[in-house]
Amino acid sequence: MKVIVTGGAGFIGTNFIYYVLEKHPENEYICLDKLTYAGNLTNLEEAIKNPRFKFVKGDIADRDLIYRLFAEERPDQIVNFAAESHVDRSVLFPDEFLRTNITGVGVLLDACRKYGIERFHQVSTDEVYGDLPLDRKDLFFTEDTPLNPSSPYSSSKASADLIALAYHRTYGLPVTISRCSNNYGAYQFPEKLIPLMIYNAMHDIELPVYGEGINVRDWLFVEDHCIAIDLILQSGKIGEVYNVGGHNEKQNIEVVKAILKATNKPKTLIKYVTDRPGHDLRYAIDPEKIWNELGWKPLTPFEKGIEQTIKWYLENVEWMKDIMTGEYEKYYSEVYNNREEKFGR
Ligand code: NAD
Ligand code: DAU
């Protein structure tokens, strides 16, 4: 089987490539990635040594390039991780989100129709459902929860889901979709909460917590997400959506304090700042479908996963330093410099 993994030089894609190269010695994998600020070819240094792996630099929205790639490689499966993925950036620069996350997915789906494939898997997000109230712990996102996205990022991902499902219904394209909760682990770009807070704690820089720090995210170790996607590729039902999550809800401030404790840094580093516009309150996945139908359950508890993650960042300081220059510094000052200090909890 030949599999194209788009966006494989990013956080989850990198972890997925290492997981499947080992899990499926019979398969060949091609990573197609545009190498935006979030894509890092050094992540794939070890994979590139493997004769069953190939890297191609390219944009999923570039129709000519995508058609050429499909014509040459004749892939059996496509797993689409490629996306602009950061909510704060989508607030500042929505255009690129629409181009990659919507048009890009449309181009991939057209290529799948034109050349024929066995499966197109769209890696989506729980954010397509919008958010849940903080005071209703009994509510969860199921696959039937109506789509109600809040940000340019999540609305672009919701659009892609709808387009993929429409290509299944209209053209019979063999599509599956996974909607996962917040991931954490190695190789995550330090603009996202966990690696950003680890980096700042390591360097005694203030930890900017949005609002009161009481928003809730449902954290999943990245390898568990990779296992779930692989399982959906093996045994998921065509045309179906699978929510992926492990009932691991935490307030942001709890996560930040856990990082400070693990890095032996004082709580005085916490700085409560102006909230994210449109900030989703709570995400919480009901994972019953994938648990019952495919027998998937997360293997790594948060305490173990966060310890492993912090250790990885401490051991990979150079990896962080290399990507946190130039464009990153500009982004950091744009997002954080004009946020006022607030009083948190
Ligand atoms: P990421 O930002 O770390 O990586 C995205 C990758 O896509 C990068 O390598 C980037 O270079 C590449 N890319 C961007 N635009 C491209 C384009 N036009 N053509 C080709 N490649 C392009 O993202 P991530 O956190 O690894 O997320 C991967 C996918 O999983 C995304 O689709 C995201 O919506 C989804 N997801 C993420 C999470 C999470 O917590 N990080 C949770 C659920 C779902
Ligand atoms: O739920 C899945 C989604 O999780 C994915 O689809 C997205 O690609 C991924 O980025 C993530 O989105 P979030 O917006 O939840 O993740 P982020 O790490 O940006 O923020 C997590 C929470 O922490 C959120 O409530 C905002 C808050 N936060 C974030 C940053 C970067 C802060 O308080 N301070 C910060 O500096």
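Atom set for the values below is all heavy atoms of this structure, side chains included, hydrogens, waters and symmetry mates excluded. Order of listing sets the numbers, starting from 1, for every ligand and every atom in it.
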Task: Per atom 5 (C) of ligand 1, closest listed option by heavy atom (G39, A83, S178) - done: A83
Open item on the list: What I want to know is whether D126 and ligand 2 share at least one N or O pair that is separated by under 3.5 angstrom.
Closed with: yes
Open item on the list: What I want to know is whether N183 and ligand 1 share at least one N or O pair that is separated by under 3.5 angstrom.
Closed with: yes
TODO: Report yes or no: does a heavy atom of G8 sit under 4.0 Å from some atom of ligand 1?
DONE: no
TODO: Measure the distance from atom 27 (C) of ligand 2 to every protein heavy atom, then report the residue, atom name and distance (to 0.1 Å) of the closest one.
DONE: N252 ND2, 3.4 Å
Task: Of Y331, F189, F93, the residue whose pairing with Y37 passes ring-ring contact (aromatic ring centres under 6.0 Å, His included) - done: F189
- [ ] Please work out which of the three classes, parallel, tilted or perpendicular, describes the rings of Y167 and Y171, given edges at 30° and 60°.
- [x] perpendicular
- [ ] May I ask you to check whether Y283 and D280 show a side-chain donor-acceptor distance below 3.5 Å?
- [x] yes
Task: Protein heavy atom at shortest distance from atom 5 (C) of ligand 2 - done: Y153 OH, 3.6 Å
TODO: Answer side chain, backbone, both or neither: which part of D218 comes under 4.0 Å from ligand 2, heavy atoms only.
DONE: neither
Open item on the list: Side chains of T142 and D286: any donor to acceptor distance under 3.5 Å?
Closed with: no
- [ ] Ignoring angles and geometry beyond distance, decide whether T100 reaches within less than 3.5 Å of ligand 1 through its nitrogen or oxygen atoms.
- [x] yes
TODO: Select the closest option to atom 17 (P) of ligand 2 among E127, R89, R276, M197, judged by heavy-atom distance.
DONE: R276
- [ ] Name the option, out of L193, N182, T125, that contains the heavy atom nearest to atom 16 (O) of ligand 2.
- [x] N182
Open item on the list: Students should be able to answer this: which protein heavy-atom is nearest to atom 8 (O) of ligand 2, and at what distance?
Closed with: S85 O, 2.7 Å
TODO: Kindly confirm or rule out an N or O of E191 lying under 3.5 angstrom from an N or O of ligand 2.
DONE: no
Task: Protein heavy-atom partner closest to atom 36 (O) of ligand 2 - residue, atom, separation in Å - done: Y336 OH, 2.6 Å
Task: Closest contact, heavy atoms only, F140 versus L132 - done: CA-CD1, 3.9 Å
- [ ] Report, in ascending order of atom number, the atoms of ligand 1 lying under 4.0 Å from any heavy atom of Y153.
- [x] 33 (C), 34 (O)
Open item on the list: Tell me whether ligand 1 is touched by F81 - counting only heavy atoms on the residue side and a distance under 4.0 Å.
Closed with: yes
Task: Any side-chain donor near an acceptor of the partner, K192 and S85, under 3.5 Å - done: yes
Open item on the list: If I apply the N/O under 3.5 Å rule, does C180 come out as touching ligand 2?
Closed with: no
Open item on the list: Just to confirm my output: which protein heavy-atom neighbour is closest to atom 15 (O) of ligand 2, and how far is it?
Closed with: R217 NE, 2.7 Å
Task: Contact with ligand 1 for G104, non-hydrogen, under 4.0 angstrom - done: no
Task: H279, any N or O under 3.5 Å of ligand 2 N or O - done: yes
Open item on the list: Is there a polar contact, in the sense of an N or O pair closer than 3.5 Å, between D280 and ligand 2?
Closed with: no
Open item on the list: Angle between ring planes, F16 versus F81, binned at 30° and 60°: parallel, tilted or perpendicular?
Closed with: tilted
Task: Heavy-atom nearest neighbour in the protein, as seen from atom 34 (N) of ligand 2, with distance rounded to 0.1 Å - done: P208 O, 2.8 Å
Open item on the list: Any heavy atom of K157 closer to ligand 2 than 4.0 angstrom?
Closed with: no
Task: Location of contacts on L35 toward ligand 1, heavy atoms closer than 4.0 Å - done: backbone
TODO: Using a strict 4.0 Å threshold on nitrogen-to-oxygen distance, state whether E73 and K54 make a salt bridge.
DONE: yes
Task: Region of H86 engaging ligand 1 - heavy atom pairs below 4.0 Å - done: neither
Task: Heavy atom of the protein closest to atom 29 (C) of ligand 2 (residue, atom name, distance) - done: Y210 CE1, 3.6 Å
Task: Close approach of N182 to ligand 1, heavy atoms, under 4.0 angstrom - done: yes
Open item on the list: Applying a heavy-atom cut-off of 4.0 Å, say which part of A61 lies close to ligand 1: side chain, backbone, both or neither.
Closed with: neither
